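Single-structure report; data block below.
What you are looking at is a predicted structure, and each value in this text was computed from that prediction instead of being measured. Letters A, B, ... are given to chains in the order of the sequence lines, protein chains preceding strands, and every chain is numbered from 1.
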There are 2 protein chains.
Amino acid sequence: MDKKEIANKLSDKGLRVTPQRIAILSAILHLNNHPTAENIIEYIKMNHPNISVGTVYKVLDSLVENNLLKKVKTEGGIMRYDPLQANHHHLFCEESDRIEDYEDETLDELISDYFRKKGIDNFKIQNIQLHITGKFKH
Amino acid sequence: MDKKEIANKLSDKGLRVTPQRIAILSAILHLNNHPTAENIIEYIKMNHPNISVGTVYKVLDSLVENNLLKKVKTEGGIMRYDPLQANHHHLFCEESDRIEDYEDETLDELISDYFRKKGIDNFKIQNIQLHITGKFKH
DNA sequence: ATCCTAAAAGAGAATGATTCTCATCTAGTA
DNA sequence: TACTAGATGAGAATCATTCTCTTTTAGGAT
């Protein structure tokens, strides 16, 4: 996704297209590792030293609010961000803080079918995400 | 789980049985809502005003390290805790911060079978958790 | 029952992550 | 080109958690 595409996505959401927003979303796509806020700030400091820390947090919040980013569910303490918008799952490494996206339409259908038939008492399902924990082989 | 059972679980893990630990684990079981650290601290302040905040954090960490508690994966910022030790899943409310446990052995088997046959490239699965987002009817 | 000490706790300071505030800048509309 | 609501910069403030040092205590040994 190049800067023009990012700009388009921002306008599509009714957000002003600012160089800071493009830089920050580019950073996340470039890092491509469900980066923490700190990772993003470090990258931005190196590549766009004039963007302030407060701006990074504000832009991240704004992108999340407008569904251009998602916060990754982790065990608390720090924010991590995920630019992939299509429904997907995550692989969590037990040994490091590595997180990878996992897409599996067959499994999605299997689970959807299951809940279509069964449902959950007192609960209307809107989204199902798998958090798969294990070890990467490399 | 009463205090005696809690004491037993602590000794079983080789942990000293202290009143603070019993109080804190009791609090979490009593709250029964995947409480945040703050929720737990508030409850402890009311019921055991002599237990200090630092102690609460230290006890929580100790219980997590010894598998008497798990941290709940949320979108960052704060810690939440889960005393249920059996493998299970979570229902997340889209409208509030309510989280409920969800156990479904049939579904567990379905997913286990699926991955037994298919596997994930370059990844050794150790645990699978569903995060189901939606709305509670009440 | 008593003694001993490593482990735990109390208290508050320190740290790190994020949010807030206010003055200034600027994207984009008219 | 002008205008202004929205965005940003910068740093202070806040919040959640960790750290440090002194004191207390659980539980094992005797």
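- The shortest distance between side-chain heavy atoms of Lys73(B) and Phe92(A) falls below 4.5 Å.
- Among the nucleotides dG28(C), dA9(C), dA8(C), the one closest to the side chain of Arg16(B) is dA8(C).
- There is a path of hydrophobic side-chain contacts, each under 4.5 Å, that joins Ile44(B) to Ile6(B).
- Distance, Leu63(B) CG to dA8(C) C1': 13 Å, rounded to whole Å.
- In this structure, Thr18(A) reaches the sugar-phosphate backbone alone: every heavy-atom distance under 4.0 Å involves primed, P, OP1 or OP2 atoms, never a base.
- Under the 4.0 Å criterion applied to side-chain N and carboxylate O atoms, Asp61(B) and Lys58(B) are not assigned as salt-bridge partners.
- Within 4.0 Å of Pro19(A), counting heavy atoms only, lie sugar-phosphate atoms of the nucleic acid but no base atom.
- Take the nearest nucleotide of DNA chain D for Thr55(B) and for Leu15(A): the residue whose nucleotide is more 5' is Leu15(A).
- Between the CD atom of Glu65(A) and the P atom of dT19(C) there is a distance of 11 Å, rounded to whole Å.
- The phosphate of dG10(C) has OP1 or OP2 within less than 4.0 Å of a side-chain N or O from Gln20(B).
- Between the P atom of dG10(C) and the CD1 atom of Ile44(B) lies a distance of 10 Å, rounded to the nearest Å.
- A side-chain contact (heavy atoms from CB on, under 4.5 Å) with Tyr81(B) holds for exactly one of Asn39(B), Leu31(B), Leu60(B), Leu25(B); it is Leu60(B).
- At whole-Å resolution of the value, OH in Tyr57(B) and C1' in dA13(C) are 15 Å apart.
- Toward the 5' end of DNA chain D, the nearer of the two residues Lys58(B) and Arg80(B), judged by each one's closest nucleotide, is Arg80(B).
- Distance, Leu10(B) CG to dA7(C) P: 16 Å, rounded to whole Å.
- Think of the region where chain A sits on DNA chain D: with heavy atoms and a 4.0 Å cut, that region ends 5' and 3' at dA5(D) to dA10(D).
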I'd like to know whether Tyr102(A) forms a ring pair (Phe, Tyr, Trp, His ring centres under 6.0 Å) with His90(A), so could you lay out the CA-CA distance, the side-chain angles of the two residues, the decisive distance to 0.1 Å, and finally the verdict.
CA-CA 5 Å; Tyr102(A) 178 73; His90(A) 286 126; over 10 Å; no
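- What you find for Leu84(A) and Glu103(A) is that their closest heavy atoms are CD2-OE2, 4.0 Å.
- Looking at which nucleotide of DNA chain C each of Gly77(A) and Val56(B) is closest to, the 5′-most match is held by Val56(B).
- Here dA17(C) presents its C1' atom at 13 Å from CD1 of Ile40(A), a figure rounded to the nearest Å.
- Distance CD1 (Ile78(A)) to C1' (dG16(C)): 11 Å, rounded to an integer number of Å.
- Across all non-hydrogen atoms, the minimal contact from His34(A) to Ile99(A) is ND1-O, 3.1 Å.
- Going from atom CD of Glu38(A) over to atom C1' of dT19(C) covers 17 Å, rounded to whole Å.
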